[in-house]
**Q** 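Questions regarding the structure given below will be posed in turn.
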Amino acid sequence: MSPRPFYELAAGVFVLDIPMFPLYVIRGQRNAMIDCAVLAKAGEIETNLSALLGDERLAMVLLTHSHYDHAGACSLLQEKSAFQIIASRRTRDILENDKAVAFIDDLNQKFKALANDRSDSVFTKPRDIRAVGENDRIPLSPARYLEVHETPGHTRCSISFLLRPENILFAGDAAGVVEKSGRVKPLFLSSYSQYEASLGKLLGLEAEVLALAHNTAVRGKDRVREFLAASLAETRRLKEQIIDRLGQSVDFTGIAEKILEEEYSSPALMGPREALMINVTAMVKSVYHEFVKIP
Ligand SMILES: [Zn+2]
């Protein structure tokens, strides 16, 4: 269990203090939570959430993308408090697809095994998903709303939410993932080019706070800008490294194993090695298709 159930990040914006998976809750006329972490954390989320909200209910959960470690707890939590899920169209399509639901459950079961969670909890198809897209506004209170920005590249389904008027940015994994060392690691799983463009778009939003999906939040406009610039630099560095290796051979798995060992040896979050290999292999393939392959 976490030492404290939650803390306040900014006025009315709270963080459920769950190791590796901080979850952001915005309180207002309609209480909203960003992402849901893994299924193994469902109990802890529920406890911390009721410590924060008391008798109030959670009206909506906004998903930044469909990954197992962001959507994993949502169906179980939804059974207990019937919130609406707000997500991109692609995320909605994925969560309504039986095969994808089974895959998300499978990774969550593997995570549970690593976390010694022997409960019989399962990820099932979530209900009541509303799709949103670029520039849509989600009202929370008369003076407050979330603005939707499509930020693909980490996945095709990735979106970010900007809380107005405070300019607090919830970017999911589109801004990169911070390791415990503090270094930011790129994760361009669906497209390098789109990921790079999305980072540029996030920089242009000039957020005051960058609320990351794993481990930490970055406060202050200058620090947010520095963080995103460093993320962009790391992204370009990894691309060059992959291009170099692809010049020697096009063995995607072999290259992915080397990169996993050298670059992702202290990953931001504990998780099945299988999930890490899928991720790194996807990055190698993306660079291959976008920069190396001769059409
Ligand atoms: Zn992700």
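By convention here, the first residue in the shown sequence is residue 1. Atoms within each ligand, like the ligands themselves, are counted from 1 in listed order.
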**Q** Would you confirm whether Asn31, through its side chain, and Arg57, through its main-chain N or O, come within 3.5 Å as a donor-acceptor pair?
**A** yes
**Q** Using a cut-off of 2.8 Å, find all protein N, O or S atoms closer to the Zn ion (ligand 1) than that distance.
**A** His65 NE2, His67 ND1, His154 NE2, Asp173 OD2
**Q** Tell me if a side-chain donor or acceptor on Ser286 pairs with a main-chain N or O of Tyr192 at a distance below 3.5 Å.
**A** yes
**Q** Might you work through the side-chain hydrogen bond (donor to acceptor under 3.5 Å, both in side chains) test for Thr151 and Ser160, ending with a clear yes or no?
**A** CA-CA 6 Å; Thr151 47; Ser160 298; 2.9 Å; yes
**Q** Do Val122 and Ile94 belong to the same hydrophobic cluster, where Ile, Leu, Val, Met, Phe, Trp and Tyr are linked whenever their side-chain heavy atoms lie under 4.5 Å apart, directly or via other members?
**A** no
**Q** Measuring centre to centre across the rings, with the benzene-like ring taken for any Trp, is Phe252 within less than 6.0 Å of Tyr288?
**A** yes
**Q** I'd like to know if the side chain of Ser198 reaches the main chain of Gln194, judged simply by a donor and an acceptor atom lying under 3.5 Å from each other, with no hydrogens or angles considered.
**A** yes
